[in-house]
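Worth saying up front: this structure is predicted, and the values here are computed from it rather than measured.
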Amino acid sequence: MQLKRTHHCGELNRAHVGQKVVLNGWVDSWRDHGGVIFIDIRDRYGKTQIVFSPENKTLYQQARKLRSEYVIAVAGEVRRRPEQAINPAILTGEVEVAATELEVLNTSKTTPFEIKDFVNVSEDLRLRYRYLDLRRPSLQKHLLLRHRAAQATRAYFNRQGFVEIETPFLTKSTPEGARDFLVPSRLHPGKFYALPQSPQTYKQILMVAGFDKYYQIVRCFRDEDLRRDRQPEFTQIDIEMTFVDEEDVLSMMEGFMQFLLAEVGGLEVKIPFPRLSYAEAMAKYGTDKPDTRFGYFLNNVTDVFLNSPFQVFQRIAGTKGYVGAVVFPEAVQFSRKQIEALNAYVRQLGGHGVAHVKYLHNQWEGGIAKFLSAENQRALESRLKLEEDALVLFVADEDVERAQGLLGALRLHLAEKLQLIDTSRIELLWIVDFPLLEYSEEEGRYVARHHPFTSPKLSDLALLDTAPEKARARAYDLIFNGNEIAGGSIRIHRKDLQEKVFQILRLGPQEAEQKFGFLLEAFEYGAPPHGGIAFGFDRLVMLLAGAESIRDVIAFPKTASGVGLMEGTPSEVDPKQLEELKIKPVRT
RNA sequence: GGGGUCGUAGUUCAGUCGGUUAGAACGCCGGCCUGUCACGCCGGAGGUCGCGAGUUCGAGUCUCGUCGGCCCCGCCA
């Protein structure tokens, strides 16, 4: 390579006019006018227009052969463009480089899709040729944003006196939680490492070790099904602090979010963030991650139906079930077909369906109107504060949380459908006072809602013996526009309480000893009170970037079925490798 | 594990009721063009209709199966 760049492709402007420069990059586009040839040369900084004139015949003939995505080096002189040819749309639009020398560093096959943001391409093709997709400006922008977010994270926590410490990837399989990715041990045939679902136990042990403020931007692995916002390997900002309570952790994180959003997005957010208890969130929004950018609150109208001619609801109301209603003024014109689609939506989520009624000119019409007594109608009017025309939707279920959840899903579904969400707004809030446990029908026991090291609220300790499901945890989630972006808790730091919780989780002393013995043992040597939190970094960047999918902020993501389309993962391995590991595939 | 949806040229898509030679735009190739910048004009090449069965005189179109992408439920301490 003879011509090494003196500038990058997004750099040149008026001030460089007259200078001899060299640019290196890819041919973004070429416009051959017969007489004059324009080449846009692109690198990650931008594009610059190169001009080839017919005067230099050899050079001109060379330039005619240039095609998209050839890698070139060009020497030339920066000159101001003619007034009418100035392009205000690009950074370097006032100037161009009059080429004097051209070096083709490499040619390129015709790419399977054009390297342009405005060209629509199916995602599987983009993933298969990820190196081409990554040349597109929008994806480059996302990864640069991700870089800035990571740097801002380090800057903030370093300044606050945190220490970044790496923890192992070859760890111990843990019960509870997600399915582990396993790594067979060659030196210990029949035994396995597990890739960490999170560095949870290690960071707690670092607290025992005295590193009172720890953070790490770290990869985590969970062998579960994928989603738009879930990948089997993902990145967390993992944080743990000693001698703290909830207030210390929450305010430290509020400071972090304020700094990050200002630094990376130029956005201002007010602190402290509002807090909502889990119970309030479920009652008002029907979810533990409410999007608070719009209203449509849930109303509990169970008592109204305790005495009603509508027997379906009366029965549910009378058996500790729940009947809820949401008022949608914007949906008052919905057709029978549109309402039926909502019904189908709720059924698909596992509900009985949705009942509706239209409130028009102070009259109840359609749907279940004929099953409402005059008394029911009056009660609903005052409970739902009905004034304007509206579509009122009801969901009822024997299980209170399921009913709330269905209504909450319906609330979000309709707000999206009716485009009632102000996407320019940023709403951050904490959800607190989560239940410590939930009963798993499948396993026939209580399981930890957060994780087994989460401390119960001290005021709820007595409940552990009498009504464990009512005990609340010292846990908190951070919600960003209806997305859970962080979750954490104050941990248990005493062996007796930890053993008690294990006991409720029916994790026997032997099993607990085998799985977590090292942690319990560490707790016997002066474990300080501690707590922490972890952010879903990919999800956070996705929201900051306004991306549709987590895949758009990860350089090399997997498809929905966990496949790497570019490199072809997962793949079969040489039988010799399996032999070394003493592993024999089971025929299924 | 379940449900939905999509699969036609290199790409994004159209393809009517099952019926002649499967079309368009962009891209690609060739020609023309000295101020374009998602250049323009003219011409051309390019198809295993994802794959496999079946129904039929005849299937891109209908049926079944299968593979793959995306979305949702379950799952995700």
* Structure fact -> Any strand, both distances under 3.5 Å, Watson-Crick or G-U wobble: B:U63 pairs with B:A53
* Considering the options A:K116, A:R551, A:R126, which one meets the salt bridge (Lys or Arg N to Asp or Glu O under 4.0 Å) requirement together with A:D133? -> A:R126
* If you look at every strand shown and take non-hydrogen atoms under 4.0 Å, does A:N87 touch a base, only sugar-phosphate, or nothing? -> base
* **Nearest to side-chain heavy atoms of A:L127, which nucleotide of B:C73, B:C70, B:C32** => B:C70
* Asked: Ignoring hydrogens and angles, are the base of B:U36 and the side chain of A:R81 linked by a donor-acceptor pair under 3.5 Å?
  -> yes
* Asked: Is the gap between the ring centers of A:F169 and A:Y193 under 6.0 Å?
  -> no
* Asked: Mind checking the C1' distance from B:A53 to B:C29? Whole angstroms is fine.
  -> 40 Å
* Structure fact -> So OG1 of A:T58 and CD of A:Q61: to nearest 0.5 Å the spacing works out to 8.5 Å
* Structure fact -> From the candidates B:C39, B:C72, B:C70, the one with an atom nearest any side-chain atom of A:S29 is B:C39
* To do: Determine whether any donor atom in the side chain of A:E224 lies under 3.5 Å from an acceptor atom in the base of B:G74, or the reverse, and answer yes or no.
  => no
* Within 45° of the axis and under 6.0 Å from the centre of the six-membered ring of A:F537, does NZ or CZ of A:R219 qualify? -> no
* **Min side-chain heavy-atom separation A:L226-A:K558 under 4.5 Å** => yes
* Asked: CG of A:L132 versus P of B:G27: gap in Å, rounded?
  -> 17 Å
* **Selection from B:C70, B:C39, B:C76 that lies nearest to any side-chain heavy atom of A:R31** => B:C39
* Asked: So what's B:G23 paired with, Watson-Crick or G-U wobble, going by both distances under 3.5 Å?
  -> B:C13
* Please state whether the phosphate of B:G69, meaning OP1 or OP2, lies under 4.0 angstrom from any side-chain nitrogen or oxygen of A:S561. => yes
* Give one of base, sugar-phosphate or nothing for A:R227, where a contact means two heavy atoms less than 4.0 Å apart. => base
* Asked: Whole-Å distance between B:A38 P and A:D28 CG?
  -> 10 Å
* Please say which of A:Q200, A:K203, A:Q204, A:Q216 ends up in a side chain to side chain donor-acceptor pair (under 3.5 Å) with A:E240. => A:K203
* To do: Return the 5'-most residue of the pair A:A85, A:P112 with respect to RNA chain B, ranking by each residue's nearest nucleotide.
  => A:P112
* Given the C1' atoms of B:G52 and B:A59, what is the spacing between them in whole Å? -> 15 Å
* Asked: What is the distance, rounded to the nearest whole Å, between atom CD1 of A:I115 and atom P of B:C28?
  -> 12 Å
* Would A:H33 pass as stacked on B:U36, i.e. its ring centre under 5.5 Å from the base's six-membered ring centre and planes under 30° apart? -> no
* Write down the partner of B:C70 under the Watson-Crick or G-U wobble criteria, each distance required to be under 3.5 Å. => B:G4
* Asked: For atom C1', what is the distance between B:G69 and B:G58, given to the nearest Å?
  -> 32 Å
* Which whole number of Å gives the distance between the P atom of B:G10 and that of B:C6? -> 22 Å
* State whether the distance check finds a donor on one side and an acceptor on the other, under 3.5 Å, for side chain A:R79 versus base B:G35. => yes
* Asked: Among residues 39-54 of chain A, which contact RNA chain B at a heavy-atom distance under 4.0 Å?
  -> A:D40, A:Q49, A:P54
* Separation of A:Y345 atom OH from B:C73 atom C1', in whole Å? -> 10 Å
* Structure fact -> With sequence neighbours left out, the residues meeting side-chain hydrogen bond (donor to acceptor under 3.5 Å, both in side chains) with A:Y446 are A:E469
* Structure fact -> Side-chain contact check for A:P82: nearest option of B:G74, B:G35, B:U11 is B:G35
* Structure fact -> In whole angstroms, the gap separating C1' of B:U36 from CD of A:E96 amounts to 10 Å
* Under 4.0 angstrom, heavy atoms only, what part of the nucleic acid is A:E55 near: base, sugar-phosphate, or nothing? -> base
* With rounding to whole Å, what would you report as the distance between B:U8 and B:A22 at their C1' atoms? -> 8 Å
* Give one of base, sugar-phosphate or nothing for A:V447, where a contact means two heavy atoms less than 4.0 Å apart. => nothing
* Report the C-alpha separation of A:Y214 and A:D238 in whole Å, then their side-chain angles, then the decisive distance to 0.1 Å, and conclude whether the side-chain contact (heavy atoms from CB on, under 4.5 Å) test is met. => CA-CA 8 Å; A:Y214 145 94; A:D238 195 43; 2.9 Å; yes
* **Euclidean distance, atom OH of residue A:Y60 to atom C1' of B:U34 [Å, nearest integer]** => 8 Å
* Where the side chain of A:A560 is concerned, which of B:G69, B:C70, B:A38 is the nearest nucleotide? -> B:C70
* What pairs with A:H142 under ring-ring contact (aromatic ring centres under 6.0 Å, His included), at least two apart in sequence or on another chain? -> none
* Asked: Can you find a pair of side-chain heavy atoms, one from A:D40 and one from A:V27, that are under 4.5 Å apart?
  -> no
* For B:C41, the Watson-Crick or wobble partner whose two distances fall under 3.5 Å -> B:G31
* Whole-Å C1' distance, B:C67 and B:G40 -> 44 Å
* Whole-angstrom distance between B:A24 and B:U5, as gauged at atom C1' -> 24 Å
* To do: To the nearest Å, give me how far apart CG (A:D288) and P (B:C76) are.
  => 14 Å
* Which residue lies toward the 5' end of RNA chain B, A:R67 or A:R230, if each is placed at its nearest nucleotide? -> A:R67
* Asked: Hey, does A:R551 reach any base, or is it just sugar-phosphate, or nothing, if we go heavy atoms under 4.0 Å?
  -> sugar-phosphate
* Asked: In terms of side-chain heavy atoms of A:L349, which of B:G35, B:C72, B:G69 is nearest?
  -> B:C72
* Would you check if the side chain of A:T171 reaches a backbone N or O of A:A194 as a donor-acceptor pair within less than 3.5 Å? => yes
* Determine the contact category for A:D32: base if any of its heavy atoms lies under 4.0 Å from a base atom, sugar-phosphate if only primed atoms, P, OP1 or OP2 are that close, otherwise nothing. => base
* Structure fact -> Rounded to whole Å, the CZ-C1' distance (A:F113 to B:G10) equals 12 Å
* Asked: What integer number of Å spans the P atoms of B:G44 and B:C57?
  -> 40 Å
* Quick one: label A:I37 by what it contacts on the DNA or RNA (base, sugar-phosphate, nothing), any heavy atom closer than 4.0 Å. => nothing
* To do: Flag as yes if A:F38 stacks onto the base of B:U36 (centroids under 5.5 Å, planes under 30°), otherwise no.
  => yes
